[in-house]
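Shown next, in structure tokens, is the structure this report addresses.
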Amino acid sequence: MMARPLLSEVLINPDRVTGLSLQQWDLLIRQARHADLLARLAYLLAGHNDLPEPAQSHLDSAWAFAQRQAQSVRYEVANIKKALSDLDIPVVLLKGAAYVMAGLPAAPGRLLSDIDILVPKQRMEAVENALLLYGWRTTHHDEYDQKYYRQWMHEIPPMKHGVRGAVIDVHHAILPPTARLKPDSSKMLATAVALAGQMEICTFTPVDMILHSATHLFHEGELEHGLRDLVDLDALLRHFGTQNGFWEQLIERAVTLDLTRPLYYALRYTAQMVATPIPSFAVKAVARLGRPPAALLWLMDFLFERALRPDHVSCDDRYTALARWMLYIRSHYLRMPFHLLFPHLIRKAFKSHKGSTSLAEPTVAKE
Amino acid sequence: MSPSGWCLASGFDPLYKGWDGETLLYDQFSGDTHVVDDLCMAIIELLAKGCLSEEQILKKIVQYIDVDPGIDFDPVVQQRLAALVKLNILQCPT
Amino acid sequence: MPHVTPLNSLSFARFSSQLAGAGVAFSVGPFVVSLKSSITSVAEGVYQLYGEYPLIAGGADRFVDYYLALEQSQGLRRWHRPQVKFSYDGLHPFKPLPLNQALPLFEWGLNWCVASQMHSYLLIHAAVIERNGVAIILPAPPGSGKSTLCAGLVSRGWRLFSDEMAIISMADGQVVPCPRPIGLKNESIQIMRDYEPQAVISRASLDTIKGTVALMKAPSDSIRRAAETARVGGIIFPRYQTNAEALMTVRSKAQTGLYLADNSFNYSVTGARGFNMLAEVVDGAACLEFTYSRLDDAVRIFDALEWSA
Amino acid sequence: MNDDRGPSQDDAESKSVSNVTDEGQTVNQSRRKLTTAGLIAVPLIMTLSSKSALGMNYRCTVSGMLSGNLSHPGEIGDCMGRTPGFWSGGNFFSGGNPKTYTGGWPAPLLPTTPFHTSFGGVFEGNTFIHFVNNQSTSYTLEEVMRLNGTHDHYQLGAHTVAALLNAKAAELGVNPFGGGREFGLTPNQVITLYNTYSASKPIELKTLFEIWNQVNATTRLSYQTAISQFGITIPNP
């Protein structure tokens, strides 16, 4: 196994920073910035006084940014509520926005680039119109993209507010209908819990939150935020893991939702990369249920050990680029059968060759 | 629990500083920044104490502001109310 | 104050080989920049404009804020249309530009780094000059003659803080100097050559969107005193108007505040802290508008300004 | 929790206390003196609507106003629109073209196009009685644009037609949008929005179209122009 990057060591044990040389601080800040964890690092180091001034100023900067983002989330959620309240349907906040609004320990310093929500599939059109009425706009006018999203994806094209510029991703499921895994998102929607003082605005139950985060990271995402999402999982597991019966519920729910494989990866790599404490009975049970065949596991270790490191040159080895590329292909392959996938990837390759950017391409939610 | 009369928009959380009849105002909830005149500020400070009907506003506003007698005050206040609603500073009577 | 070794204590040959190799680190105002480039025009330009800036030697006690690189993009087009690529610690935030804009791209790229990464300061798009411990912020839309006025004043004894952004500390409201080359456009290049024959002005780059661009080296005194901050005494909006008599008029403070907010790089990110700082700065400063047509008028009137320090 | 508020005495600092003016005399904030002049003048209200901190990546916060011709991959250009006044401007309806815009309306839309067909034949007359004249035949687009308050209480008609024209023009990439500018809504979205909300939320709908029908509706000071009928003063310089 590769040596842990400095950032991971500090995430595991913040006291590791005492006695770092300026040169090491320089490296730590760069790794954290590239992993989108600079503000999280600022939060974890809040207790440490007299950090070297140049490092402190980068930490303060990222922290200020994260604080403002959290406020933007609160304001956006209020606006989403305003736009959707007439529909009276449950609106489930996903990932970052959920952590912020629920005030979970995963929230402080968590950077996010958009707000993801999950709504009942049969009301998608009503939701889209309501958002249009309150100033959001469809981002992809390319007919191919529109068709791709609406036919194959579990979300409509991202909508961007015309004045504030905030982006919202509206999902009707946590995975595309064509995906290998078939979790029943309506089951998760059914048990969603309303936020205090908010009728329609909900979050998943703790176990569903974790299973969704794991699924997104290991079966959907393209891992550009790999380590950050792993840190989310770490924070959620540490927080809820102390509650009575939590691990039993988590495993049972994973079976119900057909998500034992992503759960296995989640427990394996949080423990491996950021030393998340997991009771051994849970490790054994999940291994029995979700452990892939040895050869596949060896490959996954090879890929994730690299892709879950900070996306910074100081953390790469000669195979990192290959690993990220293979996982990128995998994320698409897990999303749809090859005969659908190939034409799409070829088109994407062609488009990005023309200098098009992720915003102009149908990819799974960036957040 | 829907508010009756004119109210500050829900969540509206202002910081402000004024000079010579103009106030620079920042809404910590929306992040919007405004420059408003004294009459707007008087209305905002008045409604900060609670929701009021238009009649009440017109009656109480003079405690906040010296009005030269002999000018038709009401339309000017109504104009401000409508404008402040558009800026998400106030919300309409429901 | 430790003894500083200026960048030009290296021979140009040594400098350019380090620049093309591991890169050269030097401090620019409050920041330490490490630059890597094998492009000749960059080596020459940086050596000419940044020669007097403190060199930062590598080692265990070096912290670099921004790792920047300017490299020629590879591929066929490098022959018929050579381009330069800006990278920030491995990220490529911008599309490549024509090679002859490499030097301005370094300035723009560094501005972008500061503007998007330094939210512990309130950053406002403006020139800043200082005298007797009092800083004057010159905010203005492009075309208002901001840079020309700034260049004129600093070549007549005012200290250059910045030609591009006011860097205001959230801690104490002091403006922090970040003296860097002044960007001159089109006719103002010749104007400055005539106005200040001693001025060191880089080779001009053609056909950027902004027309011809050249960089004027910051005055040595400003570079030397880059650590001396100052309080904001005035916010003066310059407005160049052909043949206009010089005229100083008072502006609304609240509206000045809103204008600065709109022209801040990070006001929208800094939230309440940014607002409180903005209100404090505007409150403590005289807010004026200055219409002028002749640099000499400007110098005369700015020199005559009395500040209750 | 919300560190964003800054230290509380900061808040107090910027709220409380009477403020010193340039001349040094103080203005009592709790009871303001309004001069007749100040009161009669149009209200002074200017707004800088905040860009959300979301959608900015910390590594790549885009700062639009930086000097230098830097273009950031992935930036979406501002959307733009034109007002009803623009589309119906000048002597257009007396045969010529608008003073402001000589390009005519985007095909196939014409001032004589009936309102209902332009809305895909789903226009329900009885729901929108104020858009149907007394012969209960539907108005043309031109007529709807010219409806006054008694027939169109919320000016919804004029803004709806303008929005449709903007969407169509943007879709065709014709003037006044030039190359690549978007309106932000497709013609179908304008139609769907109208059909969905003209009865239930006419004010919200009119407000939306009104804002989107501005030139550079998405720029930071957009609401100033959006509420210009209230006499908003635009900041100099």
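Proteins come first, then strands; the chains are lettered A, B, ... in the order of their sequence lines, and each starts at number 1.
Counting non-hydrogen atoms of neighbouring residues, nucleotides and ligands closer than 6.0 angstrom, the NZ atom of B:K60 reaches no more than 12 such neighbours. Atom CD of A:E125 is surrounded by 12 or fewer heavy atoms from other residues, nucleotides or ligands within 6.0 Å.
Of all non-hydrogen atoms in B:Y26 and A:R68, the two that sit nearest each other are OH-NE, 4.0 Å.
How far CZ of B:F29 is from CD of A:Q71: 6.5 Å, rounded to the nearest 0.5 Å. From B:N88, atom CG reaches atom NZ of A:K82 across 5.0 Å, with rounding to the nearest 0.5 Å.
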